[in-house]
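Everything below concerns the one structure shown next.
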Amino acid sequence: MKNLEIAAIFYAMADILELQNVQWKPIAYRKAARSIETLSEPIEEVYKRGGINALMEIPGIGEAIAKKTEEYLLTGRVAEYERLKKKIPKGLREIMELQGLGPKKAIRLYKELKIDSIDALEKAAREGKIAKLEGFKEKSEKNILKSIEMIKKGKERIMLGVALPIAREIVQELKNVKGVKRIEIAGSVRRMVETIGDIDILAEIEGHSKEVMDRFVALQGVTNILAKGEKKSMVMIRKGKYDIQVDLRIIESNSFGAALQYFTGNKEHNIELRKLAIAKGMKLNEYGLFKGDKQIAGKEEREVYSKLGMEWIPPELRENKGEIQAAMINKLPELVELSQIKGDLHVHTDWSEGTASIEEMANAAKKIGYEYIGISDHSKSERIANGLDEKRIEQQIEAINEIRRKVKGIKILHGSEVSILPDGSLDYGDDILKRLDYVIAAVHSRFKSSKEEMTKRITKALENKYVKILAHPTGRLINERMPYEVDLDRIFEICRDRRIAMEINSFPLRLDLNDVYVRKARDYGTMLCINTDSHAIDHLGYMEYGIAVARRGWCERKNILNCMGHEDLMKWLE
Ligand code: DGT
Ligand code: CA
Ligand code: CA
């Protein structure tokens, strides 16, 4: 429902107009905004029912505002608002759009503290000036700093789900250039970090590097050549709205393994290895492992680790978080692998907001080689997502029974992504829940609740015996929305004790739980479940990103619910 979005725009327009000392209009916009935000039905429904005339029946909405509302519903923006935004300082506009602050407070900061840029805002927040204003608290100061940090990061770091395909495409393209013997992705992409600063690629060339460098700087999407040399070139590549830097280094055959190790990082891991080498009377750098002047390893990465006296360490673990110590005593975990996944339990279809039918999804999962797929559309309060009310989910039960008869070779489970309502109750009664194979509980609203409230809310939902999975447990969207506050340690314990799996949501924008929390959950002995949250057939392939998170969280097969075969899974669900 778009009520709050539209109200926010009218509030913002009122604020800007007020800032420009325009009379009356601000009052009218505020009145409309208040009226829209307290409307009991989605404004898009009102519009569908009777167009502009129906909108004008809403108290406080005249023709002009009704037209702007229509414009927003049809195009997702209000031109007048965009125009107004241009009239105020750019910095102030950025501040107005800052998450958790909003236009009203931004304008007060501008008027009362002359804050007209993100930098000025950051400074004021750090100096504690904001908390002193009426209506602002220390907590708002902290939130402001968090949001600033996030947009600063967001401007430079790109989701793994965007960077990895770009990196692979480049490698694929350059692989075929004459003379290329080895070519590998290094850096954070190889470690499968959730966001990427730049892409690092290493290549070994027979003969001269000119041809590969020429091809590299002429790749599709290159907008800027930052450097072009025999040994190293750097370019900026644009894909859609993303700009990312790519570095290509040419490495000698004898050093390729050492360079791959060095440029995979991370830095802390490298520093620790180098210290270890020194302690053993050796020297480690990007050219090799040396004893005196003699190179004792360097051609292959595995040699570097083995000559240092340890197992080869999977790139996902290379963060200096205990992996070196574990590798030295042969105690690295046997990390879970994509091929061990037996099914996907969080999948949407065209019954709610997905684009494919149940049958199409099931067939696609079968093609991947899964034993089972769990259909889990939205519950009734997710109205924008076309969530299923009781009647429709009853119909879906029938439909799935039908499809089970038709589609052989894969088990179709019937689940539901049931919203956890603000009071912690679930969006369906037990009479519906008990008829499903499993229930995924999920928070989709009121993200700004206090930690206590949110913990209480989720805890209550987890008391329902039909809940088997807690979806995207922190609600964060990478570079877009902060995680909500919740006592995760408490939730890890409850889920462990009640045998509820916590989701590793593989959707690239989510990756929720993240690697750090996954490792914690694993240490608690809490079961995890890697799901894609697919809204289309293509999305089933996101499983790879969830696997990366699980691996970075030190998970083995036994920690992951959907590594179970169908029979074991059904027992577990009981
Ligand atoms: P990113 O690009 O921010 O996502 O992260 P990385 O890890 O790809 O970092 P990047 O591109 O700056 O450097 C690639 C790798 O090169 C890094 O993971 C470790 C290595 N490296 C870079 N600078 C240093 C350094 O000063 N010391 C050591 N030991 N290694 C370094
Ligand atoms: Ca990098
Ligand atoms: Ca780099």
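The model shown is predicted, which means the values in this text are computed figures rather than measured ones. Counting from 1, the numbers follow the sequence of the chain as shown. Indexing begins at 1, ligand by ligand and atom by atom, following the structure's order.
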Protein contact to atom 17 (C) of ligand 1 [nearest heavy atom, distance to 0.1 Å]: Gly265 CA, 4.0 Å
Note: Asn270, heavy atoms under 4.0 Å from ligand 1, region reported as side chain
Those atoms of ligand 1 less than 4.0 Å from some heavy atom in Arg157: 1 (P), 3 (O), 4 (O)
With a cut-off of 4.0 Å, which atoms of ligand 1 are near a heavy atom of Gly187? 8 (O)
Mark up the atoms of ligand 1 that fall under 4.0 Å of a heavy atom belonging to Gly197, in ascending order. 1 (P), 2 (O), 3 (O), 4 (O)
Contacting atoms of ligand 1, where contact means under 4.0 angstrom from a heavy atom of Ile196: 4 (O)
Residue from Lys321, Glu319, Arg318, Glu323 passing side-chain hydrogen bond (donor to acceptor under 3.5 Å, both in side chains) with His269: Glu323
Taking the ring centre of each residue, are His346 and His535 less than 6.0 Å apart? no
Atom 31 (C) of ligand 1 [closest protein heavy-atom partner, distance rounded to 0.1 Å]: Tyr262 OH, 3.5 Å
In terms of relative ring orientation, are Tyr545 and Tyr542 parallel, tilted or perpendicular, with 30° and 60° separating the classes? tilted
Of all N/O/S atoms in Asp247, the name of the one nearest the Ca ion (ligand 3): OD2
Looking at ligand 1, does any of its N/O atoms fall within less than 3.5 Å of an N/O of Asp198? yes
among protein heavy atoms, the one nearest atom 1 (P) of ligand 1 is Ser188 OG, 3.4 Å
Within Asp200, is some N, O or S atom less than 3.0 Å away from the Ca ion (ligand 2)? yes
